[in-house]
Each structure stands twice: as structure tokens, then as C-alpha cells.
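These notes concern the structure reproduced below.
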There are 2 protein chains.
Amino acid sequence: MLGVSVSTVGRALADRPEISDAMKARVRSLAEQHGYVAHSAARSMRTGHSTLIGLIVPDVRNDFYGAAAMALAKCCEDAGYQMVLAATRDDPDSELKQVRSLVEARAAGMVIALSPSPRRETLALVRRLRSTELIRDVAGGDTPWFGIDDHRGIETATLHLLDGGHRRIGYVGGQEALSTGRDRHAGFAAAFARRGLDLPADLVRTGPPDARFAEKAMAELWSSAHRPTAVVAAGAGLTVGVLEAIGRLGIDVPAELSAVGFGDAPWFRWWGPGLTTMALPVYELAYACGGHLLRQIERPAPAADEKPPRYRAMHSPTLIVRGSTANV
Amino acid sequence: MLGVSVSTVGRALADRPEISDAMKARVRSLAEQHGYVAHSAARSMRTGHSTLIGLIVPDVRNDFYGAAAMALAKCCEDAGYQMVLAATRDDPDSELKQVRSLVEARAAGMVIALSPSPRRETLALVRRLRSTELIRDVAGGDTPWFGIDDHRGIETATLHLLDGGHRRIGYVGGQEALSTGRDRHAGFAAAFARRGLDLPADLVRTGPPDARFAEKAMAELWSSAHRPTAVVAAGAGLTVGVLEAIGRLGIDVPAELSAVGFGDAPWFRWWGPGLTTMALPVYELAYACGGHLLRQIERPAPAADEKPPRYRAMHSPTLIVRGSTANV
DNA sequence: AATTGCAACGCAAACGTTTGCGCCATAAGC
DNA sequence: GCTTATGGCGCAAACGTTTGCGTTGCAATT
């Protein structure tokens, strides 16, 4: 329409120095006037990469992943990338589909909290992009990992109860298939070991990290012959389930039972007497994760023979004491 | 590698009938073996459209939008689309950027909860895609809208208090610039009108729909000479702020003050005596919204002269009575 | 006056798919 | 034996950008 070539228009819109200011102005005004918007697919095909960054999580309603999504969204936006959020509901097939479509889009990178038992193909695809793992440590290999110091977190929580005089402490945790499940369980045991005490093995319940399981597990613990005087819920979903059970069974907290959760939701301090919990630096963690990913992306591709050490960053949770724990 | 043309490979992978089964098998096995994944950008450029669907919300940590995201994600996945989630934090510039990048990607459609005062360019871009509005009704024009019957919802909540004998009822709501703010305020007034009572205008506070404002507003109401005996919080964020203030001021609920919220978070029933609230059918709403969008997308492009009536779907909230409201 | 330098722009290829059309076999119908 | 139909595949164009290189005109330098 201006009688100039496409390359000139392209360069003008890209603000290249080899185009005169007069021409730039003409091009821009005409583009604006006609509502021109670039075709990112065409650009992406030509350049070979896109500005998409994927975030794949089990559930955005979980406050943890919600916060992570907000943090990563901020990272991406500031750096000029777009975030694609996918929720897998811990369904391996859904997960595979989502990961595949990210690779198809030649995404610049991805942050993923993998499901407990991902498909083999999923892992292969994850390795194909610049990926970082969030929380769950399952991909193995050389994927950078950003997580919580689960061991120390649960150990701290448990020590808080032990030092309050509790001995019969129940544990409701995720299954051992997940790194988080393993590490937290180990932290629970470590606390007892550190105080030279025996672990009440009959009070340990592990399963899928959701509220349904936790509620059942808590009810079991409460109906046992030798009831616990305290309980550790080793996950966000699990904490919700334990609280559900406490409410349903009418357990008096902290008189009958002390409870400590893992992960801090805004409403925990309003729950009953206030829930003692381990607060996770979620936003910081996700922000660090996103920052690392972006640096990886901006950096020139590493040489094929170069083998960088695996990156593992652990952020420590902090104990927040509220009214749900009392000394015996 | 097989000595066949690209078109044959393309058709084989697309499972077209004009390719023999033997060839399809050979192509597929080789593709799998070499880890071939299609280049969606190239496809998108050739076909002119993509399978991306955008969801633009202020904040995914808000339980409302979190649930909406999960619902839309399910919709998209089942229909073979990918969901792109963007969080604007109600920042008009961020919003514009996100919308623009969706148009650049030639997204198949978008679901958007617009910020209170969007840029004009944003609205123009929104109209360019097949869009549906969620909750907030600001785009005007012919964008389909899926929302809550705010008027009826707040009216129901207020009637509940009025019929419990309350007369001095405080109202903490969003600003009038938002359709939600207007309708909810009107519903509050309508309840008084329906019972032939005068509205306590001195107890009405409107402002940005976040916890910070609500906490301040509630504190003001409580420090007024003629305190309210009940309060209506007309939004999710506002409800959180009101609860904050109640906790901070040590107000005894429901003895000193009855409180009713808007929007139901899972933890509301654990808060103090349990929060009476209007539960919103969020998941259903978002699912319907996504379904409508998908139908619009699959439908052949409407004729330019055809002017379909504006689509407006209102879902009604339901009152859930818990311990935070008492008769006077 | 001839050379050089540089600013400003055009040409054309390439990215990986999809698809209408054309081609070549073989099979079927007369 | 000739035409016609059909299954199976190749050719080539097109989608909208980006970019290396080539070209032009004009001013500055020798």
C-alpha cells in the first residue's frame, strides 16, 4: 500500500536502524490504522523458536500451584514471554498431551510439576525442551529442579511436636513414589531419631496426596485403639483432608489433638484456633525457577559434549506456630 | 528417508484415506523412531488458525478464577485445544499485552474477565477474536457474556439478614465502574425496597474489589457512631478483607455482628463459626462459557451482515447458611 | 573527476505444513 | 483392445515472517 517492499515494512516495525525515521513513521501509522498485528506463527516458523513458556501442574486450585502460576506469569511477562498453563489433574495421559503440544509449539521452555507416574514418552519430550522441574523430583537425568527442603520441613514440624511433649504423633503423607513423599517421610523419622525416640510406626499413613485419602487416613488414626495426641499432615491437599476429618469427627483442637500442616494457605490462620504449619516460600521458589529457566533460554545453546552439573535448588519452609498445637 | 514425498508423509500422519495402510504403518514407525513431532506454527500458518484458547483473568489465586481455569482447561483438552492462561493483576497494560499476543498467535478464541478500565485498544483486539466475557460485563457490543446474577445474589443475602431482624446492615462492595459492583449494589438496595425499609446509606462502602480496601472499609463501619449489626461482603476478595478486619478488631461473630460473604471458598465453613455465604456455580459457569465458545469456534463464520442477538447467560448463586449469621 | 563510504531500501530464499491438481499404474467395463 | 474409473502417490504453491546480500543514489574523500 505504501509502494514499499515487505522487508522494509518488517524492518520498520522491528525498529531497525537501516530504515529512515520518516519511513518508520509512515509504516507505523498505516499499520496502526489498519489494525495490523504480526503473525507469531510465521515468525516462529522462520526463527525456529517461539516465546511460549509452559507451566504444567496438577491443579491450579491448589494454592501452591496457584501462587507458582502467578510468579511464573510475572517472570514471563517481564521477559517478554507468554505463559501457557496446563492442568493435568495428575492424569498421565492428559500430561502427555499437554507436554506434546508444547513441543509441537516449539516452546522456549517449560516448568513442570510431573505426575507421580508419568509416561516414558512424557519424560523424553520434557528433556527435549529447556525444562525445569518444580517441587516433584521425578524426571531424573539433568533437568534442573526447584523444590522444597521436604526433609527439613517435616523434621522441623515434628520436632516442634516432640519438644511439646508429644510422643504418639500421627503422620499423613503422600505415597513413596513421589520424591516429596519419600523425603517428608524420612524427615518425620529423622525427628524421632534426633531425639532418640522410637517412631510410632502404627500411626504412619501414606497414599495419594489428596484430601479424600487424608480424611480417611485421619479417621483411621482416630479410631485406633491407641490414639495419637498430635498429627502431621505432610502436604497441602492432605492438610485439607485432615482438617475435614477433624471437623467431621468433632475433635477438639488442640485439647484432644495437636495438628500441624504443610504449606500455608491464607485461611489457615482463621481455621479454628489457627493452624500451626510449615510455610513454603512458594512465590520465591517459582520466581527463582522461572528466572533460572529464562537464563537458560537466553544463554546460547550449550555444547553437546558439555555436561553441566545438575542444578538443584532447595528452599526451606519456616515453622509458623498458631493455636492448633499445645504441649501435653 | 523412505523415498516418498512430504505430502505422502503428511497425509499418512493425518490418517487420510488416500494413503495405503502399508505406507501409513511405515511412515508412523519411522516417525516414532526418530521422535518426530509436528511443527504447530507451520500448520497454523498454512491453515490460518491455531488451536489455542486464551483465558485472561486478574488472578489465578482467587478461588473463583482458579476454578474457572480448571473448568476451561477441561473443556479445551476434551475438544483438542490448548489453554493459554494469562494473569493481568488487573493491570490494563499487562492485559493489553496478553490480549495482543493472543491475537498475534491467531488464537481460536478467548475467555476474558476484563479489568475495570481496559484500554480501548484492548477491547478492539478482543472483538477481533471469538471471545466470551466471564463475570465482568464491560466490553459492551456483541461479546457473549457469562456471569452471575449479582443482583439476585446480593438481594437474597440481604433478605436473609433483613428477615433475621437486622436493619443496620453494612455493605462492602466493588466500585460502580464494574458491572458486578453496580448490580450487587442495586441488589442490596432492592432487598430493602422489597421489604419497604429504608436503606442505611451511611453503611455503604464501595471501592476496589480487594482485601485491602475491604479491611479498611469494615474497620470504618465498626468505628462509626451507630454500628451495623450485620455486614454483607459483596465479592470474594472483599470477603477476605472483611474477615481480616473482624479478626483484627476481635469482633464476636455472630453475637456482635452477623456476616455474609459472596462466593464460596472451601475454607469458609471452617472459618470461626462457619461463614454464611452465597455460593457461586463457578465451575458450571466456566464450563458453560467454554462450551459456548467452542461451539462458536466450530460453527462456520457468521455472515458479516448477520447480527446475532447478544448472548447473556446468568447463573444464580445459592445461599448457604452457616454460623456467622444470627437473628437479632 | 574518480573513488569510496554509507544510508536506505529491494530481492529472494527459507522455515514446515497443507492441499488442489496432476500423474501413473492397475482394475473394471464395453 | 480401447476407454473409463479409481487407488496411491508426487508436484508445487501458499501461508507471513525474517535476513543475507545486492542495488541504488548521494555525499564525502582523495
Side-chain angles (χ1 to χ4, degrees), chain A residues 1-52 80-82 100-108 125 128-129 297-298 300-301, chain B residues 1-52 80-82 100-108 125 128-129 300-301:
Chain A
M1 299 183 55
L2 282 173
V4 299
S5 73
V6 274
S7 11
T8 305
V9 176
R11 284 189 257 249
L13 292 174
D15 204 21
R16 294 293 194 82
E18 63 254 32
I19 302 294
S20 67
D21 291 346
M23 176 63 82
K24 281 181 188 172
R26 289 168 60 201
V27 169
R28 277 181 198 151
S29 87
L30 200 70
E32 176 127 5
Q33 193 177 327
H34 284 69
Y36 166 86
V37 280
H39 198 310
S40 61
R43 171 184 303 132
S44 159
M45 187 169 61
R46 163 71 220 218
T47 63
H49 57 261
S50 78
T51 63
L52 251 46
Y81 290 82
Q82 285 84 245
R100 172 180 289 280
S101 77
L102 274 183
V103 177
E104 287 189 351
R106 303 297 189 263
L125 287 170
R128 213 145 135 161
L129 261 44
I297 291 170
E298 311 273 335
Chain B
M1 299 183 56
L2 282 173
V4 299
S5 73
V6 273
S7 12
T8 303
V9 174
R11 283 189 258 251
L13 293 174
D15 204 21
R16 293 295 194 81
E18 62 254 33
I19 301 294
S20 66
D21 292 346
M23 177 62 81
K24 281 181 190 172
R26 288 170 60 201
V27 169
R28 278 181 197 149
S29 85
L30 201 69
E32 176 127 4
Q33 192 178 330
H34 284 69
Y36 165 85
V37 280
H39 198 309
S40 62
R43 171 185 302 134
S44 160
M45 186 169 60
R46 165 71 218 217
T47 63
H49 57 260
S50 77
T51 63
L52 251 48
Y81 290 83
Q82 285 85 247
R100 174 180 288 282
S101 76
L102 273 182
V103 178
E104 286 188 350
R106 302 297 189 266
L125 287 170
R128 218 147 131 157
L129 260 45

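Below, chains carry the letters A, B, ... as their sequence lines are ordered, and counting in each starts from 1. Heavy atoms only: backbone and side chains are in, while hydrogens, waters and symmetry mates are out. Being a predicted model, the structure only gives us computed values, none of them experimental.
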So which atom in A:Ala107 and which in A:Ser50 form the shortest heavy-atom distance, rounded to 0.1 Å?
CA-OG, 3.5 Å
Could you grab the distance from atom [atom1] of [X] to atom [atom2] of [Y], nearest 0.5 Å is fine?
{"X": "A:Arg106", "Y": "B:Ser40", "atom1": "CZ", "atom2": "OG", "value": "7.5 Å"}
{"X": "B:Arg46", "Y": "A:Met45", "atom1": "CZ", "atom2": "CE", "value": "11.5 Å"}
{"X": "B:Arg100", "Y": "B:Arg128", "atom1": "CZ", "atom2": "CZ", "value": "9.0 Å"}
{"X": "B:Glu104", "Y": "B:Leu125", "atom1": "CD", "atom2": "CG", "value": "9.0 Å"}
{"X": "B:Tyr81", "Y": "B:Leu52", "atom1": "OH", "atom2": "CG", "value": "11.0 Å"}

Give the rounded distance in Å between these two atoms: [atom1] of [X] and [atom2] of [N].
{"X": "A:Arg43", "N": "C:dT17", "atom1": "CZ", "atom2": "P", "result": "20 Å"}
{"X": "B:His34", "N": "C:dG16", "atom1": "NE2", "atom2": "P", "result": "16 Å"}
{"X": "A:His49", "N": "C:dC15", "atom1": "NE2", "atom2": "P", "result": "16 Å"}
{"X": "B:Asp21", "N": "D:dG8", "atom1": "CG", "atom2": "P", "result": "8 Å"}
{"X": "A:Met45", "N": "C:dT17", "atom1": "CE", "atom2": "P", "result": "10 Å"}
{"X": "A:Arg11", "N": "D:dG16", "atom1": "CZ", "atom2": "C1'", "result": "15 Å"}
{"X": "B:Glu18", "N": "C:dT18", "atom1": "CD", "atom2": "P", "result": "13 Å"}

Between N or O atoms, less than 3.5 Å apart, protein on one side and nucleotides 12-14 of chain D on the other: list the pairs.
residue: D:dA14; atom: N3; partner: B:Arg46; partner atom: NH1; Å: 3.4

For the side chain of [X], starting at C-beta, report the closest nucleotide among [options].
{"X": "A:Ala38", "options": "D:dC9, D:dT17, C:dT17", "answer": "D:dT17"}
{"X": "A:Ile19", "options": "D:dG16, C:dT17, C:dC9", "answer": "C:dC9"}
{"X": "A:Ala42", "options": "D:dT17, C:dC9, D:dC9", "answer": "D:dT17"}

Show which side-chain atoms of residues 10-18 of chain B pair as donor or acceptor with protein atoms under 3.5 Å away, not counting sequence neighbours.
residue: B:Asp15; atom: OD1; partner: B:Lys24; partner atom: NZ; Å: 3.0
residue: B:Asp15; atom: OD1; partner: B:Arg28; partner atom: NH2; Å: 3.0

Assign B:Ala41 to base, sugar-phosphate, or nothing according to its heavy-atom contacts below 4.0 angstrom with the strands shown.
nothing
How would you label the contact of A:Ala14 with the nucleic acid (heavy atoms, under 4.0 Å): base, sugar-phosphate, or nothing?
nothing
Does A:Arg16 place a side-chain N or O at less than 4.0 Å from the phosphate oxygens OP1/OP2 of D:dT19?
yes
Quick one: on DNA chain D, does B:Pro17 or B:Arg106 contact a more 5' nucleotide (nearest heavy atom)?
B:Pro17
